[in-house]
Number of protein chains: 2
Amino acid sequence: MAQAQALSRNQQIVLNIIEKAKGPLKAYSILFNVQKKGINAPQQIYRALDKLIEMGKIHKIESKNAFVACRSSDCEISKATAFSICESCETVDEISDTKLSKYLSGFNHKKGMKFKRFNLEFFGICKKCKKD
Amino acid sequence: MAQAQALSRNQQIVLNIIEKAKGPLKAYSILFNVQKKGINAPQQIYRALDKLIEMGKIHKIESKNAFVACRSSDCEISKATAFSICESCETVDEISDTKLSKYLSGFNHKKGMKFKRFNLEFFGICKKCKKD
DNA sequence: TAAAAAGTGTTATATTATAACAAACGTTAT
DNA sequence: ATAACGTTTGTTATAATATAACACTTTTTA
Ligand SMILES: [Zn+2]
Ligand SMILES: [Zn+2]
Ligand SMILES: [Zn+2]
Ligand SMILES: [Zn+2]
């Protein structure tokens with residue numbers, strides 16, 4: 001069993017903020033939130049984000065350039081991610097659906113390319129927003 | 001049958017460049033390529049790109065901030081897109097697989113959100129790059 | 001033909017992300 | 001312990017991506 005990787009100081013600070021957040025956070029919004037902790041430059045944020053993504057602790061929502069904490073425990077490496085995104089309130093949920101994940105992981109392209117990783121983003125209007 | 005929408009001058013110029021390209025193009029690379037045609041500002045590019053996306057003529061590859069022409073004729077509105085992306089040579093192919101598309105269009109989130117649209121990006125190493 | 005809608009040109013600015021370099025820190029191997 | 005190595009940090013600067021705002025023109029619709 002691979003030893004769970006320890007987080008460095010900056011990585012831990014950034015992860016804490018993302019985990020506490022209700023929704024996806026942008027890099028610069030994270031930056032503004034940690035200036036009191038002595039982190040002053042974008043680089044410091046982006047470096048932490050890169051490592052956290054590698055470790056599977058967070059994911060990037062590509063369509064929003066924003067970052068969310070991983071909630072699904074089994075994506076230790078971010079190689080099969082799926083999200084549901086509300087176009088009205090911007091809520092993002094990580095979808096962990098075994099069938100979906102298996103279906104896509106097993107998907108083979110006609111042109112013979114073997115996939116290592118995928119990212120899927122669904123868009124719609126969430127239940128809560130539909131009521132309004 | 002809905003009348004195919006005519007393109008404005010700038011939209012046509014931008015679309016031509018993207019269609020001629022072998023791979024995804026970035027907005028500013030498009031801009032540099034059309035300065036001889038009198039287009040000088042990012043806004044003009046982004047406005048054209050936005051409309052072309054709405055019409056389904058092009059798609060944005062979110063993980064690369066780049067744009068490709070639609071090759072699959074049946075996505076008149078870009079509501080169900082899937083791409084295969086080589087992490088080595090950066091080649092991008094639009095996947096038009098009816099089964100995949102149906103499977104995903106019919107996918108329903110546990111939380112009851114009805115999806116209007118999705119975008120799927122697969123990553124791997126293409127056949128050609130594997131040989132090297 | 002007047003009003004409305006879509007498109008254009010332009011300047012300025014906001015937002016997102018990386019380059020490059022020197023110093024500090026944490027491991028491991030003599 | 002200490003040298004050597006890789007990783008993390010701090011910092012300044014800059015690159016790349018994208019939008020705001022405003023005045024004007026063209027096209028469509030009524
Ligand atoms: Zn996850
Ligand atoms: Zn919502
Ligand atoms: Zn298409
Ligand atoms: Zn390749």
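No experiment lies behind these values; they were computed from the predicted model shown. Order of the sequence lines sets the chain letters (A, B, ...), proteins ahead of strands, with each chain counted from 1. Quick note: numbers below take in every heavy atom, side chains included, and nothing from hydrogens, waters or symmetry partners.
- Rounded to a whole Å, the CG atom of Leu49(B) is 10 Å from the P atom of dT19(D).
- Remark: Asn40(B), Ala41(B), Gln43(B) in residues 36-43 of chain B come within less than 4.0 Å of DNA chain C through at least one heavy atom.
- Between the side chains of Glu121(B) and Ser63(B), at least one donor N or O lies within less than 3.5 Å of an accepting N or O.
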Kindly determine whether Glu90(A) and Lys64(A) satisfy salt bridge (charged side-chain N to carboxylate O under 4.0 Å, His left out), including the steps that lead there. CA-CA 9 Å; Glu90(A) 315 263 285; Lys64(A) 300 173 83 70; 3.0 Å; yes
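- Across the protein-nucleic acid pair, Gln44(A) atom CD and dT7(D) atom P stand 19 Å apart, rounded to whole Å.
- Rounded to whole Å, atom P of dA15(D) lies 18 Å from atom CG of Asn65(B).
- Atom pair Glu54(A):CD and dT7(D):P shows a separation of 10 Å (rounding to whole Å applied).
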Test salt bridge (charged side-chain N to carboxylate O under 4.0 Å, His left out) on Lys116(A) and Glu87(B); report intermediate values, then the result. CA-CA 10 Å; Lys116(A) 290 201 298 236; Glu87(B) 284 175 315; 3.4 Å; yes
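- The shortest heavy-atom contact between Asn65(A) and Phe67(A) is O-CE1, 4.2 Å.
- Spacing between atom CZ of Phe67(A) and atom P of dT15(C) amounts to 16 Å, rounded to whole angstrom units.
- A donor atom on one side chain and an acceptor atom on the other are not found under 3.5 Å apart for Ser84(B) and Asp93(B).
- Nucleic acid contact class of Arg9(A) (heavy atoms, under 4.0 Å, all strands): sugar-phosphate only.
- Annotation: proximity of residues 15-30 of chain A to DNA chain C (heavy atom, distance under 4.0 Å) is found for Lys26(A), Tyr28(A), numbered in ascending order.
- In this structure, Asp50(A) places its CG atom 10 Å from C1' of dA17(C), rounding to the nearest Å.
- Between Phe118(A) and Ser101(A) the shortest heavy-atom distance is CE2-O, 4.2 Å.
- When the P atom of dC22(D) is taken as reference, atom CZ of Arg47(B) falls 14 Å away, rounded to whole Å.
- Axis angle between the ends of the helix from dT1(C)-dA30(D) to dT30(C)-dA1(D), five pairs each and rounded to 10 degrees, works out to 40°.
- Of the side-chain N and O atoms in Ser8(B), none sit less than 4.0 angstrom from OP1 or OP2 of dT26(D).
- A 4.5 Å side-chain heavy-atom check between Phe122(B) and Lys114(A) finds every atom pair outside the cut-off.
- Atom OH of Tyr46(A) is separated from atom P of dT16(C) by 7 Å (rounded to the nearest Å).
- Mapping Lys51(A) and Lys64(B) onto DNA chain D via the closest heavy atom, the residue that lands nearer the 5' end is Lys51(A).
- For the residue pair Ile95(A) and Phe83(A), the shortest heavy atom distance occurs at CD1-C, 3.8 Å.
- Side-chain atoms of Gln12(B) and Asn16(B) include a donor-acceptor pair closer than 3.5 Å.
- The heavy-atom pair separating Leu31(A) from Ile39(A) by the smallest distance is CD1-O, 3.9 Å.
- The aromatic rings of Phe107(B) and Phe115(B) sit parallel to each other, their planes meeting at less than 30°, with 60° as the upper class boundary.
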